[in-house]
Amino acid sequence: MSAGPRATTPDGGFVRRIGLFQATAINMSQMCGIGPFVTIPLMVGTFGGPQAILGFLAGALLALADGLIWAELGAAMPGAGGTYIYLREAFQYRTGRLMPFLFVWTAILFIPLIMSTGVLGMVQYLQYLWPSMSQTEGDFVGVGVVALVVLLLWRKIESIGLLSTIMWVVMLISVGAVIIACYTNFDADLAFTYPDGAFDLGTTGFWLAFVGGLNIGIYDYLGYNTTAYLGAEIKSPGRVLPRSIVYSIVGIMAIYLIMQIGVLGVTDTDTISGSSSIGSLVLEKAWGKGAAQTVTVLILITAFASVFAGLLGGSRVPFDAARDRVFFKQFARLHPRHRFPTVGLLTMGVVTAAGFLIGNHTDFNTIIVLLTAVMVIVQAVSQVAALIVLRRRQPGLNRPYRMWLYPVPALVSLVGWVAIFCYADKNSPGRHPIEWALAWVALGGAAFLVWAKVERTWPFGPREITEEYLNRSDADAGTGVAGSGAVGNVAEPA
């Protein structure tokens with residue numbers, strides 16, 4: 001029997017081994033970790049009734065609009081780092097390396113914060129199985145989970161693809177069990193009886209609840225872009241990347257809507273909003289304590305899969321920047337045998353553990369609002385601008401996928417992200433997430449100026465225009481074989 005075809009050409013030391021099925025599984029595992037199991041009560045509490053379904057619908061719309069941006073940019077520029085590459089290519093003409101530097105600076109904070117919420121959810125559900133667990137014991141459990149994830153990621157990418165697929169199957173089983181339990185005890189009156197004024201669009205309260213629900217909803221969908229961070233390890237990225245993004249969003253949207261309606265039909269909204277383990281509560285009510293405990297274990301595995309997939313993608317973000325001398329050079333190190341970024345993985349693991357410890361001593365919603373506020377400034381809004389700039393600056397760039405109905409999805413994405421940012425303080429009173437987000441970006445700007453002075457780059461030196469992906473052929477972009485490199489390296493005066 002033949003050994004089969006060889007892996008496609010490496011790109012920056014990575015090897016393209018992840019196909020469409022594994023890519024979609026990685027995205028969905030990251031999207032559907034602990035999210036719906038802990039945010040359904042938050043969503044119901046925000047809206048005050050079954051109209052909470054609007055939050056998941058709004059989140060799906062924003063995720064799809066934003067996902068199409070990722071699809072076009074990722075298919076055209078499939079390298080390690082995702083947003084880093086897109087901002088580097090789009091903003092190099094005027095601000096040199098500022099925007100990609102700021103993105104990596106913020107990503108080292110907001111990506112681990114996302115992962116820390118997954119660990120928080122795990123500890124929250126573990127309390128159903130371990131009711132006497134103290135906060136200190138919870139701290140040790142959470143940090144131990146992060147350490148185990150890092151240990152499991154310390155291996156070859158093809159082994160990770162297999163692990164991701166297995167955990168994706170466990171995720172489907174756990175979600176499926178909760179859904180079946182819901183609909184075996186479903187009461188339509190509970191699910192579809194709305195309080196007075198539930199849809200009163202003329203009130204400030206409705207719109208505050210809507211934006212708060214949108215914030216929770218988009219948090220639940222985060223992860224649809226994980227494969228874009230793994231662009232250098234995706235087979236046929238021009239075809240696989242867009243499909244993995246769209247398939248995962250549509251699939252998770254269907255799961256969330258079915259689950260949300262099902263939970264609403266099992267118990268009253270007050271009980272839902274006050275529950276810390278709604279999945280276990282539903283299962284216990286439907287099938288008894290034993291079944292609830294069994295599926296709770298599966299929910300814990302699902303949450304673990306989400307953290308696993310998120311750190312897998314996030315650890316690749318600083319690599320390309322460091323290799324291009326746009327971030328600390330230590331992040332450019334790859335494991336000599338397994339070919340994964342060692343410093344990036346360890347750094348993300350440490351920050352995830354720290355974020356978990358902070359969240360375990362505050363509250364879940366504050367972490368969600370803070371991470372989205374930080375992410376909006378340098379990633380979400382900047383990528384909308386990058387899409388438009390690249391269409392104008394690099395019209396000859398090979399785009400295996402072009403956004404449907406351009407520029408409508410980009411504008412929808414922009415409006416959604418700006419609304420989330422502007423209402424962040426109202427959705428987390430007393431925590432000042434906007435101020436913290438702006439302070440972190442400002443600190444990154446100061447760090448960039450120091451770094452740029454040392455490196456003698458813009459604004460203390462010339463801008464270097466490196467249109468790396470502009471001359472890659474259709475075959476290169478479609479199959480994922482590395483192209484011949486940049487059109488040129490043109491130094492422009494500051």
Between S382 (side chain only) and I377 (backbone N and O only), is there a donor and an acceptor less than 3.5 Å apart? yes
Side chain to side chain, L241 and W70, heavy atoms closer than 4.5 Å: no
Under the side-chain contact (heavy atoms from CB on, under 4.5 Å) criterion, do F421 and V418 qualify, and how do the steps go? CA-CA 5 Å; F421 184 78; V418 169; 5.7 Å; no
Among V175, I173, L283, L300, exactly one meets side chain to side chain contact (heavy atoms under 4.5 Å, CB included) together with V295. Which residue is that? L283
Do you know which two heavy atoms are closest between N27 and S244, and how far apart they sit? ND2-O, 3.3 Å
Shortest non-hydrogen contact between V150 and L345, atoms and distance: O-CD2, 4.0 Å
W105 side-chain N/O to W440 backbone N/O, donor-acceptor pair under 3.5 Å: yes
Within a radius of less than 6.0 Å around CH2 of W436, do more than 12 heavy atoms belonging to other residues, nucleotides or ligands occur? no
Any donor-acceptor pair under 3.5 Å linking the side chain of T267 with the backbone of V263? no
From CG (D268) to CG (D187), nearest 0.5 Å: 11.0 Å
What pair of heavy atoms forms the shortest contact from I218 to G59, and how long is it? CD1-O, 3.8 Å
Start with the C-alpha gap between V119 and V307, add the side-chain angles, then the distance that decides, and say whether side-chain contact (heavy atoms from CB on, under 4.5 Å) holds. CA-CA 7 Å; V119 183; V307 178; 4.0 Å; yes
Would you say that L222 contacts M31 through its side chain, given a criterion of any heavy-atom pair below 4.5 Å between the two side chains? no
Determine, stepwise, if the pair V350 / L346 fulfils side-chain contact (heavy atoms from CB on, under 4.5 Å). CA-CA 6 Å; V350 170; L346 289 172; 5.5 Å; no
Under 6.0 Å between the ring centres of Y229 and Y84? no
Answer yes if the side chains of E284 and Y128 hold a donor-acceptor pair under 3.5 Å, and no otherwise. yes
Parallel, tilted or perpendicular, as decided by the 30° and 60° cut-offs, for the rings of F210 and W207: perpendicular
Do the side-chain N and O atoms of T352 and S116 include a donor-acceptor pair separated by under 3.5 angstrom? no
Can you find a pair of side-chain heavy atoms, one from K235 and one from L20, that are under 4.5 Å apart? no
Given 3.5 Å as the limit, does a donor-acceptor pair link the side chain of Y125 with the main chain of I278, or not? yes
Is it the case that the side chain of T227 and the backbone of L230 share a donor-acceptor pair, with hydrogens and angles ignored and the cut-off at 3.5 Å? no
For residues 176-202, which residue pairs qualify under ring-ring contact (aromatic ring centres under 6.0 Å, His included), counting only residues two or more places apart or in two chains? Y183-F186, Y194-F199
Candidate pair M259 and I40, rule side-chain contact (heavy atoms from CB on, under 4.5 Å), full reasoning: CA-CA 9 Å; M259 184 185 298; I40 286 177; 4.0 Å; yes
What pair of heavy atoms forms the shortest contact from P242 to P237, and how long is it? CD-O, 3.5 Å
Between S275 (side chain only) and T271 (backbone N and O only), is there a donor and an acceptor less than 3.5 Å apart? no
Going from OG on S132 to CD on Q127, what distance comes out if it is rounded to the nearest 0.5 angstrom? 10.0 Å
Ignoring hydrogens and angles, tell me if any N or O in the side chain of R16 forms a donor-acceptor pair with the backbone of G231 under 3.5 Å. yes
What closest approach, in Å, do F101 and V326 show between heavy atoms, and which atom pair accounts for it? CD1-O, 3.1 Å
T39 side-chain N/O to L42 backbone N/O, donor-acceptor pair under 3.5 Å: no
Quick one: pull up CG in L54 and CE in M43 and give me the separation to the nearest 0.5 Å. 9.5 Å
For Q51 and F47, indicate whether the former's side chain and the latter's backbone hold a donor-acceptor pair under 3.5 Å. yes
Rounding to 0.5 Å, atoms CZ (R88) and CZ (F103) come to a distance of 12.5 Å
Please confirm whether the backbone N or O of N360 pairs with a side-chain atom of Q135, one donor and one acceptor, at under 3.5 Å? yes
At what distance, to the nearest 0.5 angstrom, does OG1 of T46 lie from CG of L208? 11.0 Å
For the residue pair V266 and L190, establish whether any side-chain heavy-atom pair is separated by less than 4.5 Å. no
Side chain to side chain donor-acceptor pair (under 3.5 Å) between Y224 and D66: does it pass, once the steps are laid out? CA-CA 9 Å; Y224 54 84; D66 192 60; 2.6 Å; yes
Determine the minimum heavy-atom distance between S413 and V384, stating which atoms define it. OG-CG2, 4.1 Å
Taking side chain as C-beta onward, heavy atoms only, is V369 less than 4.5 Å from Y423? no
Can Q383 and T83 be counted as having a side-chain donor-acceptor contact under 3.5 angstrom? yes
Distance, nearest 0.5 Å, that separates CZ of F37 from CG of L281: 13.5 Å
